[in-house]
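Single-structure report; data block below.
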2 protein chains.
Amino acid sequence: MRVRLEDVARAASVSPKTVSRVLNDEANVSDATRKRVLAAMEAMDYRPHPSARSLAGSRSFLVAMLYDNNDNPASTYLAEIQDGVLEACDEHRYSMMVRPLRMRGDDFIRRLDTLISDHHPDGVVLTPPITDYAPLLKRLRERNVPYASVSPMQRNGVIGVTMDEQGAARAIVEHLLALGHRRIAHVIGIADHGASRWRLAGYREAMAAAGLPEDPALVVQGAFTFGSGVAAARELFALEQRPTAVFAANDDMATGVMWAAGEYGLKVPHDLSVCGFDDTPLARQLWPALTTIQQPSREMGKIAATQLLNLLRGRGPGQLVQVPFSLQIRDSTARVP
Amino acid sequence: MRVRLEDVARAASVSPKTVSRVLNDEANVSDATRKRVLAAMEAMDYRPHPSARSLAGSRSFLVAMLYDNNDNPASTYLAEIQDGVLEACDEHRYSMMVRPLRMRGDDFIRRLDTLISDHHPDGVVLTPPITDYAPLLKRLRERNVPYASVSPMQRNGVIGVTMDEQGAARAIVEHLLALGHRRIAHVIGIADHGASRWRLAGYREAMAAAGLPEDPALVVQGAFTFGSGVAAARELFALEQRPTAVFAANDDMATGVMWAAGEYGLKVPHDLSVCGFDDTPLARQLWPALTTIQQPSREMGKIAATQLLNLLRGRGPGQLVQVPFSLQIRDSTARVP
DNA sequence: GACACGGATGACAGCGCTGTCAATTTGCTG
DNA sequence: CAGCAAATTGACAGCGCTGTCATCCGTGTC
């Protein structure tokens, strides 16, 4: 019926243990033996039984990807990260499990414990915004579960992948400055998300570098949602000195800003330049198409998972890899009127 | 260290086998014993080891969700279905695995085989458009892997969940008819997707019921993408007798139609009514907001998974449940000019 | 009161692998 | 070529559970 390790052993005239060694890339197997065993495995299309492996050994060959489905960032973003993580897991013959963790509510630590007790993942991949939630990280360390993060805020000792969010925000504001804008507003994302802080910092840095003193009226709080973008924009348009450009901390809020501009009879980009962050599919579908920052989400998921897997498989300590962003200049930004 | 079944057995003064019976809801355990065992489990916070269970028994307690990441429908839709499936699996203490399967390319049957051989899922959940791909269904039956589908086209003997897509399409076209429209165009989705066919059928049915002969020029092929919506709309707008309303088979194409309307100087909804299908978040964020059909995706994922799990757990044969749609009338449709 | 019967319970082996440790072989050294 | 360490290989138990089958017990029957 099913080909077992023992069958391979018999075919290769070695003991089961030796086949196990080859299967797990262990040392102390002669090249000749290794080749013979690999050939037998190949010939018999041998598939190790994951349950038997994890029962007998100490590893589960399972990676869990954790995400927050409450303050959900764009689902496209998560879906792409998930695809990347999955790809990396497949390459290393690990399986992957996804776990939503509502950060609101106090039972999420219990849910994390349940995950660990029930499924024994060898490691987890953390996605924004739960990359920096201290109680969660603490629990993972207590439970001795290694993790890698996608775009963490705290970067000391963490492995995974980052993007230079601050630099990206700076680049987009510099783009607006180059178009002659001076009254540039910023709509902030959810306050305690790392992304919000870096993007705000980039905005401030670019403005300061251009010698423009910060006008508190031009920096308004949003919450990463379309509706919060609308609200923020209304606030901005009600100012006596309206901004000529708005940089929203994500595309959804930028869309809200464009909507509100319609309400106020402002033409984008003629009367108002708008830009976002993330390059969701939406950005290209808007009219006018949105100037924004693109990040390689899928790639980032893959890199984070790869770092984790390197660590799990004892291939060095794992790193925090930085990936490049790209400024997508489209039709929602133009020279100052 | 870890609490094992044996520990629970000792605490409840029964044999391990009896604890196993309770754990698996088997018959032939007296109520008194069952209660005692359950109490012990609870008190000791016992967690069965999934690997041990699946190694010893014949089940893996694993459900795989298959999706096509090539002709990817809106990722939001899939993400919601995934959340629903996951919720159902959690409730039944099954674990879930997601598997992208590129339908393009001929290796996807091999990828399916790999999935089954490597992970031994007890069952799979199929999402559009792979609910009706014959070779895949055949292979699943050959391999004896039960499946449930979300919105399958072939409905005989299949379990899972459906929505009355044809009825929904009819409803949205009737809405346009009620607004006085007569020249109503339809942009079709990818030809071999079930969704495309049902939606086209609903369009035809409503038009016929209103006594309007079908004008082939008003029915154009799209591919579910924004770009294909733009192309289709350009074709329609170039007609001598332009349509006064366009029903696109999904929101992305409807967005494309609105974009093209902008190019042609047509104001939506004043000069042209547009509606879509799916109610993606995008629909609410457009300006004007899009009239469309909402389906309870998350709920649908949960229902499909629940039917599968009922089957797997021997609770009857599983059904094909129909869920209601809801017509979301927003600002992109208005009385005929 | 002897017997049959069905429900409740338990003894035991084994699922397919890996950890431990012992046995064997190889390669060197002097 | 003896002698020894290192490299290679194997024997065996056991991971935590479930399937099979045997045993036990209470009840009803004549």
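The chains referred to below are lettered A, B, ... by the order of the sequence lines, with proteins before strands, and numbering in each begins at 1.
- At distances below 3.5 Å, not a single donor-acceptor pair connects side-chain atoms of A:H92 with backbone N or O atoms of A:Y94.
- For A:T33 and D:dT8, the shortest distance from a side-chain N or O to OP1 or OP2 is not below 4.0 Å.
- In this structure, B:P146 and B:L312 approach most closely via the heavy-atom pair CG-CD2, 3.8 Å.
- Across C:dT9, D:dT18, D:dC15, the shortest atom-to-atom separation from the side chain of A:A56 is found for D:dC15.
- In the set C:dT18, C:dG16, D:dT18, C:dG16 carries the atom at the smallest distance from any side-chain atom of A:L55.
- Here D:dC17 presents its C1' atom at 9 Å from CG of B:L23, a figure rounded to the nearest Å.
- For the 3.5 Å distance criterion, the side chains of A:H120 and B:R2 qualify, holding a donor opposite an acceptor.
- Considering only the side chain of A:E26, C:dG19 comes nearest among C:dG19, D:dC17, D:dT20.
- Rounded to whole Å, atom C1' of D:dC15 lies 14 Å from atom CZ of A:F61.
- Note: CG (A:N28) to C1' (C:dA23) measures 15 Å, nearest angstrom.
- Closest to the side chain of B:S15, out of D:dG16, C:dA11, C:dG16, is C:dA11.
- You'll find that the side chain of A:P48 is closest to C:dC17, out of D:dT18, C:dC17, D:dG16.
- Atom CE in A:M44 sits roughly 13 Å away from atom P in C:dG16 (whole-Å rounding).
- Spacing between atom CG of A:N24 and atom P of C:dG19 amounts to 7 Å, rounded to whole angstrom units.
- Side chain of A:R4, nearest nucleotide from C:dG16, C:dT18, D:dG16: C:dG16.
- For the residue pair A:S30/A:T33, the side-chain donor-acceptor check at 3.5 Å is satisfied.
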Verdict with reasoning, A:R141 to A:Y147, per side-chain hydrogen bond (donor to acceptor under 3.5 Å, both in side chains): CA-CA 9 Å; A:R141 278 191 300 264; A:Y147 58 88; 3.0 Å; yes

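- Look at A:Y46 and you'll find a side-chain N or O under 4.0 angstrom from OP1 or OP2 of C:dC17.
- A donor-acceptor contact under 3.5 Å is formed by the side chain of B:R21 with the base of C:dG10.
- The NZ atom of B:K17 sits 18 Å away from the P atom of D:dG16 (whole-angstrom rounding).
- Between A:S30 and the phosphate of D:dT9, there is a side-chain N or O to OP1/OP2 separation shorter than 4.0 Å.
- Remark: B:T18 is in phosphate contact with C:dG10, judged by side-chain N or O atoms under 4.0 Å from OP1 or OP2.
- Within the 4.0 angstrom heavy-atom criterion, no nucleotide atom of any strand lies near B:S51.
- Residue A:V29 places its side chain closer to D:dT9 than to any other of C:dC17, C:dT9, D:dT9.
- Protein atom CZ of B:R93 is 13 Å distant from nucleotide atom P of D:dC17, rounded to whole Å.
- In terms of position along DNA chain C, the nucleotide closest to B:A27 lies nearer the 5' end than the nucleotide closest to the other residue of the pair B:A27 and A:S54.
- Side-chain N/O atoms of B:S20 include none lying less than 4.0 angstrom from OP1 or OP2 on D:dC17.
- As rounded to whole Å, 15 Å separates atom C1' of D:dT18 from atom NE2 of B:H49.
- Applying the side-chain contact (heavy atoms from CB on, under 4.5 Å) test between A:L66 and each of A:V125, A:T127, A:I130 identifies A:I130 as the sole match.
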